[in-house]
Amino acid sequence: FVLLEPIHFQLNETIYKPRELGGEMYFVTAGQVFLKGAPLPPHPMDEHYRSTIYRPHELTKVRSAERGGAEPYFGELSLFHEVCRDRTETATAAAIVETLCLTRAKLNETLDFCPAFYHRLYDF
């Protein structure tokens with residue numbers, strides 16, 4: 001059973017943009033990804049959105065495997081549509097990037113053989 005799929009991106013390639021329907025989480029294994037938050041939320045802000053998803057003070061972030069492994073992942077919010085269906089930032093490859101991708105479909109398959117993993121990621 002393969003949970004993660006390798007996906008590569010070229011320099012300056014847009015991985016996703018705000019308001020696109022999400023469904024993948026990426027783990028950076030090589031390279032850097034530049035994340036820039038949307039200046040406006042993709043849908044009306046309710047209290048849940050304001051407190052858990054929309055962070056205007058974190059508009060620019062870099063995810064990199066080379067930076068000591070500090071949070072070398074991105075896109076995690078959209079794995080669960082009840083948390084956030086739409087992307088809230090632009091992800092762009094700042095170099096040639098190698099990732100391992102976890103899709104919502106693959107994550108849902110874990111409910112059958114390892115529900116604790118699914119729930120732990122959800123709580124994350």
Side-chain angles (χ1 to χ4, degrees):
F1 180 78
V2 177
L3 200 58
L4 301 174
E5 175 186 353
I7 298 183
H8 307 280
F9 300 99
Q10 297 302 313
L11 173 65
N12 295 323
E13 183 176 348
T14 299
I15 300 166
Y16 58 75
K17 296 184 277 189
R19 297 174 180 80
E20 290 181 350
L21 183 64
E24 304 83 22
M25 175 180 186
Y26 300 90
F27 298 89
V28 179
T29 58
Q32 292 185 339
V33 175
F34 179 69
L35 303 174
K36 183 167 178 61
L40 297 173
H43 49 73
M45 279 205 286
D46 60 18
E47 183 55 37
H48 168 75
Y49 185 84
R50 186 172 19 270
S51 65
T52 61
I53 298 166
Y54 186 61
R55 295 177 292 248
H57 58 281
E58 292 181 10
L59 286 180
T60 302
K61 303 177 273 190
V62 175
R63 295 293 185 247
S64 169
E66 286 80 28
R67 297 182 68 192
E71 296 184 358
Y73 59 85
F74 61 99
E76 69 279 6
L77 290 177
S78 73
L79 279 179
F80 304 95
H81 273 177
E82 64 274 16
V83 175
C84 186
R85 285 180 37 107
D86 302 321
R87 298 292 187 182
T88 61
E89 60 199 0
T90 298
T92 306
I96 294 175
V97 177
E98 297 177 16
T99 68
L100 295 173
C101 178
L102 174 62
T103 66
R104 181 180 307 106
K106 288 291 186 183
L107 180 63
N108 287 340
E109 289 177 23
T110 66
L111 277 171
D112 294 334
F113 66 90
C114 189
F117 173 78
Y118 177 94
H119 293 295
R120 185 164 188 170
L121 191 57
Y122 183 87
D123 291 340
F124 173 69

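- When every heavy atom of Gln32 is checked against every heavy atom of Val97, the shortest pair comes out as O-CG2, 3.1 Å.
- Taking hydrophobic clusters as Ile, Leu, Val, Met, Phe, Trp and Tyr residues chained together by side-chain heavy-atom distances below 4.5 Å, Ile96 does not share a cluster with Tyr73.
- Within the structure, salt bridge (charged side-chain N to carboxylate O under 4.0 Å, His left out) contacts touching residues 20-32 (residues at least two apart or in different chains) are Glu24-Arg87.
- The two residues Thr29 and Thr99 come nearest to each other via the heavy atoms OG1-N, 4.0 Å.
- Minimum heavy-atom separation, Gly23 to Ser78: N-OG, 3.1 Å.
- Interatomic distance, Thr88 OG1 to Leu35 CG, rounded to the nearest 0.5 Å: 9.0 Å.
- With a 4.5 Å cut-off on side-chain heavy atoms, Asp86 and Pro18 do not count as touching.
- In this structure, Lys36 and Phe34 approach most closely via the heavy-atom pair CB-CE2, 3.9 Å.
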Cut-off 3.5 Å, no hydrogens considered: what does the side-chain donor-acceptor table look like for residues 6-13, sequence neighbours left out?
from: Glu13; atom 1: OE1; to: Gln10; atom 2: N; distance (Å): 2.8

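- Considering only residues two or more places apart in sequence or on other chains, Phe74 meets the ring-ring contact (aromatic ring centres under 6.0 Å, His included) condition with Tyr26.
- Taken to the nearest 0.5 Å, the CG atom of Leu4 stands 9.0 Å off from the OG1 atom of Thr103.
- With sequence neighbours excluded, no residue forms a salt bridge (Lys or Arg N to Asp or Glu O under 4.0 Å) with Glu98.
- The minimum heavy-atom distance between Leu102 and Leu107, with the atom names listed, is CD1-N, 4.1 Å.
- Under the rule for a ring-ring contact (aromatic ring centres under 6.0 Å, His included), the partners of Phe80 that lie at least two apart in sequence or sit in another chain are Tyr118, Tyr122.
- The CG atom of Leu79 sits 8.5 Å away from the CG atom of Leu77 when rounded to the nearest 0.5 Å.
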